[in-house]
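Report on the following structure.
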Number of protein chains: 2
Amino acid sequence: MSSLGPKQRIFASLADIAQAIGHAHRLEILEHLAQGERSVEDLAARIGLTIANTSRHLQILRRARLAEPRRDGKRMLYSLLGETDVIALLKALGRIGERNVAEIEVVMASYFRTRDALEPVSRQDLLARIHDRSVTVLDVRPEDEFAQGHLPGAINIPLAALERRIALLPRDQPVIAYCRGPYCVLSVEAASALRRLGFDARRLEDGYPEWKAAGLQVET
Amino acid sequence: MSSLGPKQRIFASLADIAQAIGHAHRLEILEHLAQGERSVEDLAARIGLTIANTSRHLQILRRARLAEPRRDGKRMLYSLLGETDVIALLKALGRIGERNVAEIEVVMASYFRTRDALEPVSRQDLLARIHDRSVTVLDVRPEDEFAQGHLPGAINIPLAALERRIALLPRDQPVIAYCRGPYCVLSVEAASALRRLGFDARRLEDGYPEWKAAGLQVET
DNA sequence: CTATCGTTCAATCAATCCGTTGATTGATTC
DNA sequence: GAATCAATCAACGGATTGATTGAACGATAG
């Protein structure tokens with residue numbers, strides 16, 4: 001009993017990692033870190049937590065070796081540790097949730113599909129249409145996230161500024177909107193608004209982090 | 001505060017799934033279920049838990065929609081729900097652990113690598129060598145697990161019976177041993193024992209569930 | 001009806017966890 | 001050096017909750 005077998009020890013460590021992603025706030029933190037490195041303050045503001053609470057959750061992610069800080073002047077910038085693997089883990093978690101969990105199906109149906117009845121566009125589809133130049137790629141994340149990396153040739157119009165800057169979008173070809181990931185609502189809202197305005201608009205099935213993790217080209 | 005956004009609701013559900021796999025015993029249960037369906041009693045005996053405790057853990061996996069029971073006479077047989085996705089999730093978790101967590105690296109180095117200094121064989125390698133017929137595939141799991149499914153052409157000699165039935169193994173070609181998965185020690189012990197006995201023996205990097213989940217051919 | 005298998009209950013014990021407060025550390029700026 | 005800003009830490013309350021076991025309960029087979 002005192003000393004566990006090697007399998008048990010490994011499972012105990014893996015369980016610690018699973019515990020670390022077992023909280024909604026931490027999943028949201030990871031979603032933001034997947035866009036690029038972020039300060040504690042920045043994360044707290046974006047998610048709506050206190051600084052202290054955000055710091056605590058970051059410590060948990062850090063202990064589980066999912067995120068890592070580096071100091072930059074007086075702020076600490078956190079980023080994913082082993083970005084691609086973390087995104088793959090979150091993707092595997094999301095897939096199982098979407099396939100097995102009724103509650104998620106309900107949310108997807110009641111929110112995403114009523115606002116955006118059309119099927120999302122897959123990465124492969126979008127890649128092909130970028131090559132054809134038969135599509136406008138629209139990044140609706142805030143400007144600072146866009147600046148940290150985005151899809152090749154994408155135009156950045158944050159959701160809040162969409163109606164104001166609508167003239168930037170050509171009307172003669174379809175628009176594909178994307179944002180932070182499969183559960184980020186920005187691209188849903190954007191596609192919905194654009195269709196109301198007469199555009200042929202759809203959204204990418206997931207977001208920038210998944211694109212990057214798939215090894216596809218990105219711009220800075 | 002009363003009603004969360006759609007993203008928060010989805011993350012809360014995903015966090016529940018993550019919590020469910022956040023316990024070493026449950027990871028071990030999942031490893032066994034990945035071999036095929038199992039009764040509560042059977043799982044309890046294999047893992048070394050009481051029936052009541054095993055049952056409770058299974059309820060948690062069930063609530064998280066990772067496993068599902070069906071009744072067979074007086075026993076309840078549990079199996080993975082969405083087998084391929086669950087195995088993919090565990091694989092993603094394992095990968096991140098192996099890359100990021102020092103404790104796991106220590107165990108791998110101190111147990112697996114001292115017993116089996118050679119690099120494990122990848123699935124692709126093994127597949128090619130099965131086609132060549134240049135290798136003996138050895139399944140060292142218990143007979144009942146072998147009976148529920150195994151790699152094409154594999155010979156089954158449970159680890160406990162290995163020395164007794166050693167004559168079944170041809171000595172003129174390499175042996176590749178496999179078992180339940182990447183953290184199962186059976187194939188490590190087998191490869192180690194076989195090399196002591198003069199065989200050219202190595203082990204597969206993971207096990208039967210991963211082979212099956214990759215869509216490769218299996219026999220029953 | 002009895003034996004078997006599993007679930008659930010009640011209880012225990014322990015642990016953990018979340019979020020907050022207020023003090024403190026580190027780094028920068030004036 | 002003093003002031004300022006960012007983040008962490010220690011500590012706490014409170015709640016939660018989690019693992020585990022034995023006993024009681026339900027379902028099924030023979």
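Order of the sequence lines sets the chain letters (A, B, ...), proteins ahead of strands, with each chain counted from 1.
A donor-acceptor contact under 3.5 angstrom links the side chains of A/Glu98 and A/Tyr183, judged on distance only. For the residue pair A/Tyr178 / A/Asp139, a side-chain donor-acceptor distance below 3.5 Å is found, with atom types taken as modelled.
Within the 4.5 Å cutoff, no side-chain heavy atoms of B/Tyr78 are placed close to those of B/Arg70.
Note: NE2 (B/His25) to P (D/dT20) measures 5 Å, nearest angstrom.
A residue-by-residue look at A/Lys74 and A/Gln19 shows that A/Lys74 has its nearest nucleotide of DNA chain D further toward the 5' end.
Within the nucleic acid shown, B/Arg71 comes within 4.0 Å of sugar-phosphate atoms alone, with no base atom in reach, counting heavy atoms only. Counting non-hydrogen atoms under 4.0 angstrom, B/Arg26 reaches the backbone sugars and phosphates but no base.
Residue A/Ser55 places no side-chain N or O under 4.0 Å from the OP1 or OP2 atom of D/dC9. An OP1 or OP2 oxygen of D/dT20 is reached within less than 4.0 angstrom by a side-chain nitrogen or oxygen of B/His57. Checking the phosphate oxygens (OP1, OP2) of D/dT21, a side-chain nitrogen or oxygen of B/Thr50 falls inside 4.0 Å. Checking the phosphate oxygens (OP1, OP2) of D/dT8, a side-chain nitrogen or oxygen of A/Tyr78 falls inside 4.0 Å. OP1 and OP2 of C/dC17 both lie 4.0 Å or more from every side-chain N or O belonging to A/His23.
Here the options are A/Arg38, A/Gln35, A/Glu143, A/Glu37, the test is side-chain hydrogen bond (donor to acceptor under 3.5 Å, both in side chains), and the partner is A/Gln148; only A/Arg38 passes.
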